[in-house]
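Just follow the structure's listing: the first ligand is 1, and inside any ligand the first atom is 1.
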Amino acid sequence: MDNNIEEKLEQRGIKPTAMRILVYDVLHRQKKAVSLVEIENQMKHVDRSTVFRTLKTFQDHLLIHSVDDGSGAVKYALCDDDCTCTIDDQHIHFLCTVCGQTYCLKDLPIPHLDLPEGFTFESANFVVKGICAECKR
Ligand SMILES: [Zn+2]
Ligand SMILES: [Zn+2]
């Protein structure tokens with residue numbers, strides 16, 4: 001296991017407990033955003049509510065972000081080291097309608113929105129649907 005997981009957690013002000021290190025390790029190995037159930041399935045003998053609480057802690061400390069891709073399950077992915085989860089750091093997500101996987105398109109920031117006067121921006125959930133490169137082959 002990667003030694004620098006502890007460092008990554010500490011950088012975000014999270015105390016590196018054994019459970020947190022395990023959950024981070026699972027997230028770290030994903031190429032896509034994953035749901036609570038998918039994370040749980042990749043770990044042995046864990047309690048779902050413990051994993052959920054860990055994800056909540058990670059999210060509160062901006063270590064991960066969540067995506068509601070409309071599939072019914074919220075998915076989670078690690079943030080970049082310098083991510084502050086503000087509008088400028090958020091990116092478009094891509095849901096493949098064939099494999100059901102959700103990708104972080106980190107190079108595609110969400111478009112700037114000119115909201116009508118009097119409206120205040122809080123967050124955006126930008127999901128594009130289509131067929132991913134792997135399924136297209
Ligand atoms: Zn696909
Ligand atoms: Zn993402």
Describe, in one word, how the ring planes of His93 and His65 are oriented to each other, choosing from parallel (under 30°), tilted (30 to 60°) and perpendicular (over 60°). tilted
Could you walk me through whether Glu10 and Lys15 pass side-chain contact (heavy atoms from CB on, under 4.5 Å), step by step? CA-CA 6 Å; Glu10 275 163 358; Lys15 209 172 142 252; over 6 Å; no
Are Ser49 and Asp47 close enough, and set up right, to give a side chain to side chain donor-acceptor pair (under 3.5 Å), and what steps lead you there? CA-CA 6 Å; Ser49 60; Asp47 174 52; 2.5 Å; yes
Candidate list Gln59, Lys56, Lys75, test side-chain hydrogen bond (donor to acceptor under 3.5 Å, both in side chains), partner Ser66, passing option: Gln59
Whether the side chain of Asp68 engages the backbone of Gly70 through a donor-acceptor N/O pair (distance < 3.5 Å, no angle test) should be reported. yes
Can you tell me the angle formed at the Zn ion (ligand 1) by SG of Cys96 and SG of Cys135, to 10°? 110°
Which heavy atom in Tyr24 sits nearest to a heavy atom in Lys8, and how many Å separate them? OH-CD, 3.4 Å
Total protein N/O/S atoms sitting under 2.8 Å from the Zn ion (ligand 2), waters ignored, is 4
